[in-house]
Amino acid sequence: MYATEQLRRLLTTALGELGLPWPEKTTIEPPRDKKFGDLATNVAMVAAKSAGTKPRDLAERLRTALLAADGSLSAVDVAGPGFLNVTFAPAFWQRTVLAVAEAGPAYGTGTSGAGTKIQVEFVSANPTGPLHIGHGRGAAVGDSLARVLRAAGFAVETEYYINDAGRQMRILGQSILYRCRELRGLPVDEPEDYYRGDYVKDLARELLEKEGPGLVNLPEDEAVTVCRLYGEQEILAGIKKDLEDFRVHHDVWFPESTLLAAGAVDKTFADLRAKNLAYDKDGAFWFATTTFGDDKDRVLVKSGGELTYFASDIAYHDDKFKRGFDVVVDIWGADHHGYVPRMKACVSALGREPETSLKVILVQLVNLLKGGEQIAMSTRAGKFETLADVVAEVGADAARFMFLSRKSDSHLDFDLDAVKEKSMDNPVYYVQYAHARVCSLWAKAAERGVVPAAATPELLARLDTDEDLELLKLLEQYPDTVATAARTFAPHLVSFYLRELAGRLHRYYTVNPVLGADDPAVTDARLHLLAAVATVVKNGLDLLGVAAPEKM
RNA sequence: GCGCCCGUAGCUCAGUUGGAUAGAGCAUCUGCCUUCUAAGCAGACGGCCGCAGGUUCGAAUCCUGCCGGGCGCACCA
């Protein structure tokens, strides 16, 4: 039982004996200052009014009841305006070692999401070019969020939406064809709006080799189609490989074109029209998103007959809900934030409660720095602009940890030099080092023939120093951290937790000798404690998609 | 002009959704390797939480108005 739950249970009982209900606004949380005990609650202040007593008087009565309740509390104090400061007995914390050992990789998982089907859609970059570093951040956040939600008990499916229909793909085809003609020495004018990256030239060269030079003599439409299909296939394969190298997994790759082929878009249009939410005007087909609070109505079919991006997005989200997801998470670049209201409107029109069933996570742009200077992120930037280059340069672990070390909606400076450095500028090593240190300690113990006695409450009672208790309390807090990260869709909380846990471990390591302890029982108890730390570090790193090496 | 996000130590950022004397890391300075990995630890320095009001027992957190930064406001994606 977690400390907060334990205390909540004890308080509920105590309040009940006084004939009081559990007040809605009660908080139970660790106080800022450790001298106030393990947990503090404002329950007496919140309940005082309805009880008709002064907060401090009520607090005193609760204090007496709590101390009488059971042996898990060693101290209860009334402080300030009526806070109850509670200290748990060491034995309560020591049990955490057993809980971690018993659960192993499952320690930290919970059931708060049980029974809820949730989809996380992320990256979903158009297959018109390689992923860049901004996509990398979205990839890390989405993948890690999926892991966190899974740990919280949600049934999670991850998905990549492939925008393989529409204008951008045609432009890709035209861009490749343009390069093909150029390579064949044909006189061509540079198109206005086309993809200029070197990868387009590479694709053109490969395609010419594969198809033969006759390609450039095909009728325009036919040639563009050949180029488009080839480009899409190759680029998508590259994207998949880049994500794989980044340890990012999508369960489903969902092509936009299948929606069109299945008539889903037409069906959605008909539904909207039937509900009086769509209309014709100025030769275009409009969706009345203002009905749901959007600034203006949005076009679904342009007067030229072409679909807007938004049109298939509605059909796509309709499809998501029809697949049975209770909650749909979209991870977007923050520059798309203006899109949120119309997407919420779209969800309303589909008959869903937008606040609960659509969660949009905005991921801020990444500033790529080298030697303290910003590297431009546009088309013709330096060689580090692609995700693949960055991962090759600094490694997937360091890159992922960096991406997950900030709230997703705050700007992130990604300093290539700092991320490569094996120092505190680069917290990933700090955390991994904690894991490696423990592993190496156990290896050293085995080398010396130390076989720790089984972890029993009696043995673990030897964990009684300040550092022991601090570490134990932090371990106990881990499941709560995971649950909060899931509830608030904030995987970065895990990385902050890990930094703190690693810090405690390093301090512990410096202050408390393990193999060198005077008493073999203390050595054994400490080995068990540190094994628990290693398990939690590893579990946490798993949620971030970062490796936990045994040696460094 | 309208909308969204942000403003916390010199720098980069946390702050558990309203709690007690506001926290980390980096940088700077001072210590700690004959002993389990110094990729480490301890200590010092550093703050009008953008500004001004309001809400209440209590505000970095909530509401309003300014100031400053970013991003959006297409029959683009």
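Predicted model, so just to flag it, every value in this text is computed and none were measured. Residue numbers start from 1 in every chain, and the chains themselves are labelled A, B, ... in the order their sequence lines are given, proteins ahead of strands.
The base of B:rC75 sits with one of its N or O atoms less than 3.5 Å from a complementary donor or acceptor on the side chain of A:S303.
Taking 90° from 0 as the syn/anti boundary, the base of B:rU28 is oriented anti. For B:rC11, the O4'-C1' to base torsion is more than 90° from 0; the nucleotide is therefore anti.
Ion pair A:K320/A:D330 flagged as a salt bridge, since at least one NZ, NE, NH1 or NH2 atom sits closer than 4.0 Å to an Asp/Glu carboxylate oxygen.
If you check the side chains of A:N539 and A:Y478, you find no donor sitting under 3.5 Å from an acceptor. With no hydrogens or angles considered, no side-chain donor-acceptor pair links A:Q168 and A:T128 at under 3.5 Å.
As rounded to the nearest Å, B:rG72 and B:rA20 have C1' atoms that lie 41 Å from one another.
In this entry the distance linking OH of A:Y497 with P of B:rA24 reads 18 Å, nearest Å. Atom CD in A:Q364 sits about 11 Å away from atom C1' in B:rG72, given to the nearest Å.
Residue A:Y430 places at least one side-chain N or O under 4.0 Å from the OP1 or OP2 atom of B:rC41. The phosphate of B:rC75 has OP1 or OP2 within less than 4.0 Å of a side-chain N or O from A:K296.
Nearest-nucleotide positions on RNA chain B place A:L84 closer to the 5' end than the other of A:A334 and A:L84. Remark on RNA chain B: of its neighbouring residues A:L362 and A:L412, the 5'-side contact belongs to A:L362, judged by nearest-heavy-atom nucleotide.
Under the Watson-Crick and G-U wobble criteria, each requiring two contacts below 3.5 Å, nucleotide B:rC33 is left unpaired.
In this pair, A:H492 and A:F496 present their aromatic rings perpendicular. The plane angle is above 60°, beyond the 30 to 60° band.
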